[in-house]
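In what follows, a structure is listed as structure tokens, so that the remarks can point back to it.
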2 protein chains.
Amino acid sequence: MSDTRDRIVKKTSELLMLQGYHGTGLNQIVAESNTPRGSLYYYFPNGKEELAAEAIRNRGEGMVEHIRAVLAQIDEPKEAINQLVQIMMANLLKRNFTTGAPVAGVAMEASNASEVLREACHDVYNLVSLPLKEKLAKVYDEEKADSLATAILAALEGALVMAYTSRSARPLEAVAEMLKDCLDKS
Amino acid sequence: MSDTRDRIVKKTSELLMLQGYHGTGLNQIVAESNTPRGSLYYYFPNGKEELAAEAIRNRGEGMVEHIRAVLAQIDEPKEAINQLVQIMMANLLKRNFTTGAPVAGVAMEASNASEVLREACHDVYNLVSLPLKEKLAKVYDEEKADSLATAILAALEGALVMAYTSRSARPLEAVAEMLKDCLDKS
DNA sequence: GTCTATAATAAGATAGAC
DNA sequence: GTCTATCTTATTATAGAC
């Protein structure tokens, strides 16, 4: 079994994050993934929408793994989450801001055109909030943990969008600072 | 002087928010703005990019006005900002989640393809954070006010993206709650 | 300022050979 | 599973009449 399919999904996932759905062409996906042209519709008979939905979910799973791994390193929830933001900033700098918000672009731009993609984005947000919620539940009651996890995710996603357009880590720094204040006291 | 140009910009601004740059066609803009086909390139000789840049800035100015007006109604910064979020939620519900994040979609999807649009989005984020910063500066020192304004903007923008995909006001509720905790203490 | 028609390009998708 | 060639459609953009 070849890794062609996997390479297509990975590259699509990456391009969607940076360029959105309509901004990413099948040609570019095929070219940059060094993948046979004919394979795309072999693996994804329903075309672009099917491929994009899988790529979005794939990114979601990747994020969950990453977040879970980072949060597992530090016991205290507030410190662990701060560490998560610090790592996001380091990655941003390391990759020179050529990394975007996980799904915000596609979410805004394709939710209107495709219910399939809207649901995929929605699912990713739900999925990604889980490890945050679990971590916070060690200190807060379930309702509070859930609400906080959602708010933190929103702040991080928004900060990544702003970081992307400003080519700067400042928005993430600001969120990190806010979260420190916030989690200290609530 | 006709209002044709203005109608084009307004409709573009609205569609960009919901569908992003690549997801919004010139055909749709002309059709839905009930605008003469031939006028588009008369007013915007440089085509879609020029039009989009102006539409983005136009939305930014509209947001600044709106935010300034809302924040002016309540003296205490923390309460005023909470009121702002409540109004955003009410608008979301009233319009049945057919309203998106101001610029997140375009920001993620077009920043890569066009430096002009990237700057437009960047400018909007800067502009919009100003009234927040000013309000917060009544209670915090300037550096703290600036950082908080940026973080709040990020949280709101992210929450709007999540609200858009989930067709729910919950993300905004969560942010409202977080901000209340946060601004209480910091 | 606005119209219609059309050019030029690129997109997503399909067919059939191998 | 992969290749090439092609179809269809939509897009941005332009030309020239009025």
Side-chain angles (χ1 to χ4, degrees), chain A residues 1-56 105-106 108-118 120, chain B residues 1-56 105-106 108-118 120:
Chain A
M1 191 172 186
S2 81
D3 64 343
T4 299
R5 188 193 148 96
D6 197 51
R7 289 220 312 282
I8 295 176
V9 172
K10 285 273 158 57
K11 178 53 75 176
T12 302
S13 159
E14 179 189 326
L15 290 175
L16 286 183
M17 177 172 68
L18 296 174
Q19 308 178 338
Y21 181 69
H22 294 101
T24 302
L26 260 23
N27 289 337
Q28 190 186 11
I29 292 171
V30 165
E32 292 192 18
S33 63
N34 286 312
T35 263
R37 247 209 115 59
S39 299
L40 209 154
Y41 282 91
Y42 173 79
Y43 288 114
F44 303 94
N46 289 11
K48 189 183 186 181
E49 193 181 43
E50 183 184 3
L51 166 57
E54 178 158 336
I56 290 165
V106 180
M108 286 312 305
E109 160 233 18
S111 286
N112 209 287
S114 156
E115 192 64 15
V116 169
L117 296 179
R118 206 208 95 225
Chain B
M1 193 174 182
S2 82
D3 65 341
T4 299
R5 189 193 147 97
D6 196 54
R7 289 221 311 283
I8 294 176
V9 173
K10 286 272 159 56
K11 176 55 74 174
T12 302
S13 160
E14 179 189 326
L15 290 175
L16 286 183
M17 176 173 69
L18 297 173
Q19 308 178 337
Y21 181 70
H22 294 102
T24 301
L26 260 23
N27 288 338
Q28 190 186 9
I29 292 171
V30 166
E32 292 192 19
S33 62
N34 285 312
T35 261
R37 252 209 115 61
S39 300
L40 209 153
Y41 281 91
Y42 173 78
Y43 289 113
F44 302 95
N46 289 11
K48 189 183 184 181
E49 193 181 44
E50 183 185 3
L51 166 58
E54 178 159 336
I56 290 165
V106 179
M108 287 311 306
E109 158 234 18
S111 285
N112 209 286
S114 156
E115 192 64 15
V116 170
L117 296 180
R118 206 208 96 226

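Residue numbering restarts at 1 for every chain, and letters A, B, ... go by the order of the sequence lines. Side chains are part of it too, since the values below use all heavy atoms of this structure and drop only hydrogens, waters and symmetry mates.
Each of A:Asn46, A:Leu26, A:Leu51 was checked for a side-chain contact (heavy atoms from CB on, under 4.5 Å) with A:Tyr41, and the lone residue meeting it is A:Leu26.
Across the protein-nucleic acid pair, B:Arg7 atom CZ and C:dG1 atom C1' stand 13 Å apart, rounded to whole Å. To the nearest angstrom, C1' of C:dA13 lies 12 Å from NZ of A:Lys48. Rounded to an integer number of Å, the gap from CG of B:Asp3 to C1' of C:dG1 is 13 Å. In this structure, the CG atom of A:Asn46 is 9 Å from the P atom of C:dA13, given to the nearest Å. At whole-Å resolution of the value, CZ in A:Phe44 and P in C:dG12 are 15 Å apart. What separates CD1 of A:Ile8 from C1' of D:dG1 is a distance of 11 Å, to the nearest Å. Rounded to whole Å, the distance from CG on A:Leu51 to P on C:dA11 is 15 Å. The distance from atom OH of B:Tyr41 to atom C1' of D:dG16 is 17 Å, rounded to the nearest whole Å.
The shortest distance between side-chain heavy atoms of B:Thr35 and B:Leu40 does not fall below 4.5 Å. In this structure, the side chains of A:Phe44 and A:Arg5 come closer than 4.5 Å at one or more pairs of heavy atoms. The shortest side-chain heavy-atom distance between B:Ser33 and B:Lys10 does not fall under the 4.5 Å cut-off. Residues A:Val106 and B:Glu109 have side chains not in contact (no heavy-atom distance under 4.5 Å, counting atoms from C-beta outward). In this structure, the side chains of B:Glu49 and B:Tyr21 come closer than 4.5 Å at one or more pairs of heavy atoms.
Residues A:Ala120 and A:Ala53 approach most closely at CB-O, 4.2 Å, considering heavy atoms. B:Val30 and B:Pro36 make their closest contact through CG1-C, 4.5 Å (heavy atoms, listed as atom of the first residue, atom of the second, distance). Shortest non-hydrogen contact noted between B:Leu117 and B:Ala52 is CD2-CB, 3.8 Å. Heavy atoms only, all atoms of each residue included: A:His22 and A:Lys48 are closest at CA-NZ, 4.1 Å.
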Interface polar pairs with nucleotides 2-7 of chain D, N/O, under 3.5 angstrom:
unit_1: D:dT2; atom_1: OP1; unit_2: A:Thr4; atom_2: OG1; d: 3.4
unit_1: D:dT2; atom_1: OP2; unit_2: A:Ser39; atom_2: OG; d: 2.8
unit_1: D:dT2; atom_1: O5'; unit_2: A:Ser39; atom_2: OG; d: 3.3
unit_1: D:dC3; atom_1: OP2; unit_2: A:Arg37; atom_2: N; d: 3.3

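Defined by atom type and a distance below 3.5 Å, a donor-acceptor pair is present between the side-chain atoms of B:Arg37 and B:Asn27.
For DNA chain C, no neighbouring residue in residues 11-21 of chain B is found when judged by any heavy atom under 4.0 Å. Of the residues in residues 25-34 of chain B, those placing a heavy atom less than 4.0 Å from an atom of DNA chain D are B:Gly25, B:Leu26, B:Asn27, in numerical order.
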